[in-house]
Amino acid sequence: KGIPRKNIRLLAGKPLLAYTAEAALRARRLARVILSTDDAEIAAVGRQCGLAVPFLRPVQLAEDATPTLDVLLHAVSALEQDGERYEAICLLQPTNPLRTAEHIDACIDRLGQTGADSVMTILPVPVEYNPHWVYFEDKQGFLRLSTGAPAPIPRRQELPAACHREGSVYVVRRDVLMEERSLYGSQVAGYPMNPQWSVNLDSSEDWARAETLLALLRAEHVAG
């Protein structure tokens with residue numbers, strides 16, 4: 001809601017949705033690419049970008065608070081009712097426009113290589129936010145380490161590496177999604193992204209940064 005109608009708003013001259021569509025359609029490991037939406041205008045833009053829109057999402061699955069999991073469960077169920085069944089499902093949200101076909105393929109490859117239930121793109125957690133240094137305030141008003149340890153690790157060099165979800169690519173095995181009703185499962189593998197080129201569009205500041213990064217990428221392409 002921070003950026004109204006952002007999925008079809010022009011970003012550097014193209015609808016935001018187009019960046020994800022182009023990456024997905026170039027990925028060699030995706031058998032089919034579909035768009036799930038309840039909005040006829042977004043569906044039309046998606047079709048112009050080459051995406052299949054085999055159904056419109058029910059209105060009750062298009063609320064602000066609708067979980068992504070429910071949207072995926074509906075999409076897979078709809079496809080399977082038409083006889084389409086896939087080994088794994090890849091979620092690509094339009095709000096991460098700088099992810100590439102190579103990122104998508106690499107995440108799918110990692111799913112097979114690791115035997116994981118799912119793979120997601122990740123970024124490193126800045127050292128000052130490492131869980132071994134992060135505190136929560138309890139009901140009594142006292143600070144407790146997020147790890148539950150009695151004392152923090154004293155030296156930065158001793159901190160184990162920590163990461164967080166980056167949001168560009170999620171790949172989950174079909175049975176984990178549909179039978180366990182989970183986007184992750186119990187064994188999750190990560191695919192590191194470059195923080196310099198990662199952006200998730202939630203605010204006008206994010207949008208401006210994406211415009212700048214896209215300009216830089218185009219300049220590098222022209223120079224190359």
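None of these values were measured; they are calculated from a predicted model. Every heavy atom of this structure was used, including side-chain atoms; hydrogens, water molecules and symmetry mates were not.
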> Where do Thr147 and His132 land on the side-chain contact (heavy atoms from CB on, under 4.5 Å) test, with the steps shown first?
Replying inline: CA-CA 6 Å; Thr147 60; His132 289 274; 3.7 Å; yes
> Can you list the steps and then say if Asn7 with Thr37 is a side-chain contact (heavy atoms from CB on, under 4.5 Å)?
Replying inline: CA-CA 10 Å; Asn7 287 335; Thr37 182; over 6 Å; no
> Going through the distances and angles, do Ile42 and Leu35 end up as a side-chain contact (heavy atoms from CB on, under 4.5 Å)?
Replying inline: CA-CA 9 Å; Ile42 293 176; Leu35 170 65; 4.2 Å; yes
>> Determine whether Arg5 and Asp39 satisfy the following criterion, side-chain contact (heavy atoms from CB on, under 4.5 Å), listing intermediate values before the conclusion.
In response: CA-CA 10 Å; Arg5 306 289 291 169; Asp39 188 291; 2.6 Å; yes
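The two atoms that bring Asn130 and Pro160 nearest to each other are ND2-O, 2.8 Å, heavy atoms only. Arg32 approaches Leu79 most closely through the heavy-atom pair NH1-CD2, 3.6 Å. Contact between Val169 and Arg99 at its shortest, heavy atoms only, is CG2-CG, 3.8 Å. Closest approach of Ser118 and Leu183 over heavy atoms only: CB-O, 3.7 Å. Heavy-atom minimum distance, Arg110 versus Val119: C-CG2, 4.0 Å. Leu111 and Ala116 get closest at one heavy-atom pair: CD1-O, 3.4 Å.
No continuous path of hydrophobic side-chain contacts links Val171 to Val188 [ILVMFWY only; heavy atoms under 4.5 Å]. The cluster map of Ile, Leu, Val, Met, Phe, Trp and Tyr, joined by side-chain heavy atoms under 4.5 Å apart, puts Leu61 and Leu56 in different clusters. Val134 is not connected to Ile153 by any chain of hydrophobic side-chain contacts under 4.5 Å among Ile, Leu, Val, Met, Phe, Trp and Tyr, and they are in different clusters. In the hydrophobic clustering of ILVMFWY residues, with side-chain heavy atoms under 4.5 Å counting as a link, Leu17 and Leu25 come out together. Hydrophobic cluster membership is shared by Ile8 and Val53, with clusters built from Ile, Leu, Val, Met, Phe, Trp and Tyr side chains linked at under 4.5 angstrom.
Judged by distance alone, the side chain of Ser168 and the main-chain N or O of Thr121 form no donor-acceptor pair under 3.5 Å. Checking side-chain atoms of Arg209 against main-chain N and O of Leu201 turns up no donor-acceptor pair under 3.5 Å. Using modelled atom types, no side-chain atom of Arg29 and backbone atom of Ile108 make a donor-acceptor pair closer than 3.5 Å. Asp117 places a side-chain N or O within donor-acceptor distance of the main-chain N or O of Ser186, the cut-off being under 3.5 Å.
Glu166 pairs with exactly one of Val199, Asn96, Asn200 by the side-chain contact (heavy atoms from CB on, under 4.5 Å) rule, that one being Asn96.
Residues Thr100 and His103 bring a donor and an acceptor atom of their side chains to less than 3.5 Å of each other. In summary, the side chains of Thr95 and Gln93 do not present any donor paired with an acceptor at a separation below 3.5 Å, with no hydrogens or angles considered. In the model, Glu84 has a side-chain atom that pairs as donor or acceptor with a side-chain atom of Tyr86 under 3.5 Å.
Ring to ring, His164 and Tyr129 are not that close: their centroids are 6.0 angstrom or more apart.
Side-chain contact between Leu98 and Tyr19 is absent, with no heavy atoms from C-beta onward closer than 4.5 Å. Annotation: side chain of Arg165 is in contact with side chain of Tyr184 (closest heavy-atom distance under 4.5 Å). Residues Glu63 and Val59 form a side-chain contact, since some pair of their non-hydrogen atoms from C-beta on lies under 4.5 Å apart. By the 4.5 Å heavy-atom criterion applied to side chains, Ile104 and Cys90 are counted as neighbours. Using a 4.5 Å heavy-atom threshold, the side chains of Ile3 and Leu16 count as separate. Within the 4.5 Å cutoff, the side chain of Pro192 has no heavy atoms near those of the Cys163 side chain.
Other residues, nucleotides and ligands contribute only 12 or fewer heavy atoms inside 6.0 Å of the CD atom of Glu87.
One distance of note links CG of Asp105 with CZ of Arg26; it measures 10.5 Å at 0.5 Å rounding. Within the model, atoms OH of Tyr191 and CE of Met120 stand 15.0 Å from one another, a figure rounded to the nearest 0.5 Å. Separating the CZ atom in Arg181 from the CG atom in Leu73 is a distance of 5.0 Å, to the nearest 0.5 Å. Taking CG of Leu177 as the start and OG of Ser182 as the end, the distance is 8.0 Å to the nearest 0.5 Å. Once rounded to the nearest 0.5 Å, the distance linking NE2 of His74 with OG of Ser36 reads 7.0 Å. Here the CZ atom belonging to Arg173 is positioned 11.5 Å from the CD atom belonging to Glu180, to the nearest 0.5 angstrom.
Using a 4.0 Å cut-off between charged side-chain N and carboxylate O, Asp175 and Arg85 make a salt bridge. Ion pairing between a basic and an acidic side chain is recognised when a charged N comes within 4.0 Å of a carboxylate O; Glu179 and Arg174 show such pairing. Ion pair Asp109/Arg28 flagged as a salt bridge, since at least one NZ, NE, NH1 or NH2 atom sits closer than 4.0 Å to an Asp/Glu carboxylate oxygen.
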